[in-house]
Amino acid sequence: MSGGTTYAVRLGLRRGWTEFTQSLRSPQDQAFYLFTGVATLAYLWFNRADEVEGTSLLYPTVALPGILAALVAFNVVMGPASALVMEREDGTLLRHRALPHGMEGYVTGQVLYHSLGLLPTLVVILVPSALLFEGVVPGGAAGWLTAAWVLVLGMAATMPLGMMLGAVLPSVQKLSTWGMVPALLVTAISGIFFPVQALWGWVQAVAQAFPVYWVGLGMRSAFLPDAAAAVELGGSWRTGTTVLVLVAWAVAGLLAAPVVLRRTTRRQSGSQVAAARDTAGQWIT
Amino acid sequence: MTGDVSEQPVVRVRGLRMSYGTHEVLTGVDLDVHPGEVVCLLGPNGAGKSTTIEVLEGFRLPSAGEVSVLGVDPSRADDAWRARVGVVLQSWRDHPRWTPRRLLTHLGGFYRPYSTPERPRPDDVDRLLHTVGLTDDADRKIATLSGGRRRRLDVAVGIVGRPELLFLDEPTAGFDPEARRDFHDLVHRLSDLEGTSVLLTTHDLGEAERLADRILVLAGGRIVADGSADALNRQVAANSEVRWTRHGERFVHATDQPTPFVRRLFEQYGDEVADLEVRRASLEDTYLAMVARHESGARPQPVEVAR
């Protein structure tokens, strides 16, 4: 790494931190965090007395790890994707293109910002859940350790997808069609709101091709007692497979994302930003 | 020898062509910018000013032609080259939660590894804020700045790395007269005190006249005139209109020699000549005529104007 790159990465880390603290102070983002927390807790609260079939576990205990997984995957994909599409259009990306080693700084900042951005969500869900529901947090240091590595691997597996999505989507208006809908579909079949075992075989196969299912499984292995593994596919937590699948997604993503990002960056120019501004103007009026 | 070095242009373009599909925007642009010079690229909307400047900034690949900026082909330039070139971009809603001070400090940081004893980089942020007149807004959120204030910030971002060469695309669009004057002072200061070479685009003739050491007129995909505002003006003087009446009848005569014409007019008719009016075509008239001629594709030959 050249001196310029090292320097840019340091600036990028500072950028990510600055954006994170700005987000914490922003009423808009505070409202979003609060909404995520309240909605999740309300959902769990209404189902708090249901016992999950075939186990002696209550619904919140089983659902919470899956919800965390979905939020991780969803935030880490949609967060960078929408940020990148917006910042391509508003000129943030172009500003960095005009700087020496600017893109390295920008991408570093994005990675740190969206990673840190998970913390408030985790806090607003985990802390009240621990107080409201019984037996929803992992037992012991081993459980927390598992939750931590699943979280880190899950982010590594999904964040490059978000970056690439943001790099290839043509405009902000396309974000919901090509970003939101596929992300929701994948989340829906990944065993978060109902067990994947209840779905048809081919849907199970599709779900297992995506990382969200594995983050959910890994989270359940951290949060639930070992006996609960019996109801999973194959009757086990499949920890080795979880690591393999997530690492494979992470490696593929980290190889592909820089290529895709560079292609997008090369197309950035002032007239493109101006065109986006004019289009946005038409949308507003 | 130093004289020879300064003769080396900082921007040298030969035969630059750009087409989108079958549509040719640039059909062969030749231009030079010399060290410390302020050059205005003037032309109607859609003439290809932005395309030209984006090729020079390294943001766009030309279809053909030879381009050298600070001695390097911008499409293959590295980050050290980037550090020497400033680009003023038109923003509209980026970094809404940042303050001007924080953003300038952050973006300026990228230039620090490229600081040299002769040219310490980046520029001091407080001084820069003062230079562009943003001291009072330094700690406000950028989202709350007016359009004109935001453009001042764009200019500050463009020069925070103390560039040797600065590109500005329509820099004063949306400026009020006061901001415009401040901006013109700033460009003069950059070129006089910092020795920065400046290439800017505008469709405002008055601005080109006030700012530029040299004006290039881009029309019909090529440079159709190249010279100082004075030189262009002298060329313009060649077109004057003499209007008068005689016995209540109106006459108009276009001439490139109004003085001898008027003398002969009086020699011939004496006091019969009334309501005499000699109107020298303005730079604007010539510019418009020049653009109209070249946009219609009638004359491919560039007009050479003495410097």
Side-chain angles (χ1 to χ4, degrees), chain A residues 2-29 83 86-106 109 172 265-281 284, chain B residues 20 25 46 48-51 53-55 57-61 75 77-99 102-103 105-114 121-122 141-143 150 153-154 157-158 160-161 163 167-170 173 201:
Chain A
S2 76
T5 305
T6 320
Y7 203 84
V9 167
R10 269 200 347 243
L11 285 170
L13 291 176
R14 203 175 309 159
R15 177 183 179 82
W17 178 254
T18 304
E19 298 220 283
F20 176 61
T21 54
Q22 283 169 351
S23 156
L24 284 183
R25 279 198 297 268
S26 141
Q28 238 170 309
D29 289 14
M86 294 255 292
E87 298 189 341
R88 259 166 53 202
E89 292 196 347
D90 70 19
T92 307
L93 212 65
L94 187 58
R95 280 214 199 288
H96 285 84
R97 203 187 164 190
L99 296 170
H101 293 288
M103 283 311 295
E104 284 112 306
Y106 175 76
V172 171
T265 314
R266 265 203 299 272
R267 286 201 309 257
Q268 282 289 302
S269 70
S271 6
Q272 202 189 19
V273 172
R277 174 181 50 196
D278 296 344
T279 315
I284 291 160
Chain B
Y20 300 103
V25 179
K49 300 188 298 288
S50 294
T51 303
I53 214 159
E54 283 175 6
V55 167
E57 288 164 350
F59 289 167
R60 210 176 259 277
L61 276 179
S75 63
D78 60 2
D79 290 286
W81 177 87
R82 258 294 152 231
R84 298 168 62 201
V85 174
V87 176
V88 173
L89 300 160
Q90 293 204 29
S91 69
W92 50 304
R93 59 174 189 201
D94 68 307
H95 295 96
R97 290 173 181 172
W98 293 63
T99 65
R102 204 177 284 146
L103 185 63
T105 308
H106 173 66
L107 297 180
F110 285 85
Y111 294 94
R112 203 171 297 280
Y114 303 93
R121 294 181 163 113
K141 275 192 188 159
I142 292 175
R150 193 180 272 266
L153 177 63
D154 289 337
V157 170
V160 67
F167 293 114
L168 306 105
D169 195 4
E170 303 278 351
T201 70

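We name chains A, B, ... by the order of the sequence lines, and we start the count at 1 in each one.
- Summarising the geometry of B:Y111 relative to A:P100, their closest heavy-atom pair is CE2-CD, 3.6 Å, with the distance given to 0.1 Å.
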Stepwise side chain to side chain donor-acceptor pair (under 3.5 Å) check, A:T18 with B:R102 | CA-CA 9 Å; A:T18 304; B:R102 204 177 284 146; 5.8 Å; no
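- Note that the CD atom of A:Q22 and the CH2 atom of B:W98 stand 6.0 Å from one another [nearest 0.5 Å].
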Criterion side chain to side chain contact (heavy atoms under 4.5 Å, CB included) on A:E87 and B:D94, from CA distance to verdict = CA-CA 7 Å; A:E87 298 189 341; B:D94 68 307; over 6 Å; no
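- Looking at B:R82, its side chain does come within 3.5 Å of a backbone N or O of A:R97 through a donor-acceptor pair.
- B:R97 touches chain A through backbone and side chain together, each having a heavy atom under 4.5 Å away.
- The side-chain heavy atoms of A:T92 and B:H95, taken from C-beta on, include a pair separated by under 4.5 Å.
- Nearest heavy atoms, B:Y114 versus A:G4: OH-CA, 4.3 Å.
- A distance-only check finds a donor-acceptor pair linking the side chain of B:D79 to the backbone of A:H101 [under 3.5 Å].
- Contacts of B:W81 with chain A are absent, with no heavy-atom separation under 4.5 Å from either backbone or side chain.
- Nearest heavy atom pair, residue B:F59 against residue A:L94, reads CE1-CD1, 3.7 Å.
- A distance of 4.5 Å separates CZ of A:R15 from NE2 of B:H106, quoted to the nearest 0.5 Å.
- Only the backbone of A:R266 comes within contact range of chain B, judged by heavy atoms closer than 4.5 Å.
- Ranking B:G86, B:G58, B:G109 against chain A, the residue ahead of the rest is B:G109, based on heavy-atom pairs under 4.5 Å.
- Within the 4.5 angstrom heavy-atom criterion, atoms from both the backbone and the side chain of B:L107 approach chain A.
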